[in-house]
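These notes concern the structure reproduced below.
All residue numbers in this chain count up from 1 along the given sequence. Every heavy atom of this structure was used, including side-chain atoms; hydrogens, water molecules and symmetry mates were not.
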Amino acid sequence: MSTSAPPKQRLIIAITGATGAVYGVRLLQVLQANPDVETHLLISEAGVLNLHQELDMKRKDVEAFADVVHHVRDVGASIASGSFQSDGMVVAPCSMKTLASVAHGMSDNLITRAADVVLKERRRLILMVRETPFNLAHLRNMTAVTEMGGIIFPPLPGFYHRPQSIQEMVDHTVGRVLDMFALPHELTPRWQGLKE
């Protein structure tokens with residue numbers, strides 16, 4: 001009697017033009033090391049610019065971390081359909097333009113179409129929104145996405161674990177995202193309560 005391997009978790013990862021490309025890249029790096037996860041990557045044109053500006057990385061450098069890469073204009077890709085089985089999607093970072101498109105169901109590229117599919121199929125959508133301060137349009141768009149079942153997840157660093165580097169702050173946030181999908185990691189210590 002043969003036993004088949006359990007199916008891999010499938011996550012869609014998108015990197016858009018907001019600052020904080022490091023979050024998407026680090027998430028991909030950690031997921032690449034997990035043999036139980038299959039990643040599908042999308043990078044917007046502005047996301048490519050930010051990868052170069054913030055991390056001195058090219059598109060192909062980041063695409064190497066993903067199992068499957070989709071072009072942002074390929075609205076006929078597998079992830080554009082609800083029949084594509086996934087466990088959810090993370091937009092890391094998420095620009096205000098992408099947030100607005102998702103909030104209003106624009107589906108004007110494969111990133112926003114994939115997000116729309118995740119929402120309509122009642123799967124987990126996490127938008128790591130990056131902007132400060134927020135104006136009223138930003139806040140209303142975040143409310144709209146939340147009301148549709150999405151999760152607004154600004155990558156705000158925690159300091160209770162006393163991070164010693166930017167890498168530790170990034171890993172703490174990425175670890176919290178992985179927690180949202182019940183994926184194991186050892187990126188950051190767990191809260192053990194206040195010290196006496």
Side-chain angles (χ1 to χ4, degrees), residues 5-44 47-48 50-70 79 86-95 98-99 111 114-115 118 123-132 142 145-146 149-195:
K8 290 186 175 187
Q9 276 191 263
R10 278 179 170 168
L11 290 182
I12 302 165
I13 310 297
I15 297 174
T16 68
T19 188
V22 66
Y23 293 106
V25 171
R26 184 62 177 142
L27 181 59
L28 285 166
Q29 289 171 334
V30 173
L31 292 173
Q32 185 185 42
N34 187 333
D36 298 322
V37 178
E38 175 184 292
T39 54
H40 288 251
L41 174 64
L42 296 144
I43 308 175
S44 72
V48 172
N50 271 5
L51 287 167
H52 178 70
Q53 172 66 30
E54 297 178 0
L55 302 173
D56 290 323
M57 296 182 81
K58 296 180 179 169
R59 180 195 297 266
K60 65 180 182 179
D61 301 328
V62 179
E63 290 177 344
F65 297 126
D67 295 300
V68 182
V69 176
H70 302 276
I79 61 174
S86 79
D87 293 277
M89 179 174 182
V90 182
V91 184
C94 181
S95 67
T98 300
L99 168 67
I111 293 174
V118 167
R123 298 171 186 153
R124 183 151 281 186
L125 174 66
I126 296 176
L127 303 183
M128 296 180 73
V129 295
R130 273 293 304 121
E131 187 60 273
T132 193
M142 285 187 257
V145 169
T146 301
I151 297 171
I152 302 301
F153 196 117
L156 302 173
F159 295 98
Y160 52 84
H161 63 293
R162 299 190 180 186
Q164 300 298 303
S165 65
I166 291 174
Q167 182 68 53
E168 287 184 13
M169 288 190 284
V170 169
D171 278 357
H172 179 264
T173 298
V174 169
R176 295 292 309 278
V177 170
L178 294 173
D179 287 345
M180 302 297 286
F181 294 97
L183 287 167
H185 67 87
E186 296 181 4
L187 292 177
T188 188
R190 299 285 178 185
W191 175 247
Q192 300 297 324
L194 289 173
K195 295 177 181 177

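Annotation for P93 and T16: closest pair O-OG1, 2.7 Å, computed over non-hydrogen atoms. Between S86 and V118, the shortest heavy-atom contact is OG-CG2, 4.4 Å. Contact detail for M89 and A14: the closest heavy-atom pair is CE-CB, 3.9 Å. The two residues G175 and L187 come nearest to each other via the heavy atoms N-CD1, 3.8 Å. Between L41 and A66, the closest heavy-atom pair is CB-CB, 3.6 Å. Residue P184 comes nearest to N34 through the heavy atom pair CD-ND2, 4.5 Å, listed as atom of the first residue, atom of the second, then distance.
L51 contributes atom CG, which lies 9.0 Å from atom CZ of R59 (distance to the nearest 0.5 angstrom). Distance check: L125 CG to C94 SG gives 8.0 Å after rounding to the nearest 0.5 Å. Note that NE2 of H70 and NE2 of H40 are 5.0 Å apart. Values are rounded to the nearest 0.5 Å.
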Item to check | V25 and D61: CA distance, side-chain angles, deciding distance, side chain to side chain contact (heavy atoms under 4.5 Å, CB included) verdict | outcome: CA-CA 10 Å; V25 171; D61 301 328; over 6 Å; no
Next on the checklist: Evaluate E54 against V22 for side chain to side chain contact (heavy atoms under 4.5 Å, CB included), listing each step before the verdict.
Outcome noted: CA-CA 8 Å; E54 297 178 0; V22 66; 5.8 Å; no
Checklist entry - Under the side chain to side chain contact (heavy atoms under 4.5 Å, CB included) criterion, do L99 and M142 qualify, and how do the steps go? => result CA-CA 7 Å; L99 168 67; M142 285 187 257; 3.7 Å; yes
Item to check | side chain to side chain contact (heavy atoms under 4.5 Å, CB included) evaluation trace for T98 with S44 | outcome: CA-CA 10 Å; T98 300; S44 72; over 6 Å; no
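Remark: side-chain polar atoms of T39 are paired, donor with acceptor, to backbone N or O of D67 under 3.5 angstrom. With hydrogens and angles disregarded, no donor-acceptor distance shorter than 3.5 Å links the side chain of D36 to the backbone of K8. No side-chain donor-acceptor contact under 3.5 Å links Q29 to the backbone of F65. A donor-acceptor pair is defined here as one N or O able to donate and one able to accept, closer than 3.5 Å; no such pair exists between the side chain of E38 and the backbone of V68.
The shortest distance between side-chain heavy atoms of L42 and I79 falls below 4.5 Å. Using a 4.5 Å heavy-atom cutoff, the side chains of L27 and L11 are not in contact. Side-chain contact check for I15 versus N50: every heavy-atom pair is 4.5 Å or farther apart. The shortest distance between side-chain heavy atoms of R190 and D179 falls below 4.5 Å. When side chains are defined from C-beta on, V90 does not count as touching Y23, because their heavy atoms never get closer than 4.5 Å. Between M169 and I166, the closest side-chain pair of non-hydrogen atoms falls below 4.5 Å. Between T188 and T173 there is no side-chain heavy-atom pair separated by less than 4.5 Å. Between H161 and W191 there is no side-chain heavy-atom pair separated by less than 4.5 Å.
Applying the salt bridge (Lys or Arg N to Asp or Glu O under 4.0 Å) test to residues at least two apart or on different chains, the pairs with a partner in residues 155-173 are R26-D171.
Sparse packing is recorded around CZ of R176, with 12 or fewer heavy atoms of other residues, nucleotides or ligands lying under 6.0 Å away.
When each of L55, I43, V48 is tested with V62 by the rule side chain to side chain contact (heavy atoms under 4.5 Å, CB included), just one qualifies, namely I43.
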Using atom types as modelled, flag every donor-acceptor pair under 3.5 Å from a side chain in residues 149-156 to any protein atom, sequence neighbours excluded.
none

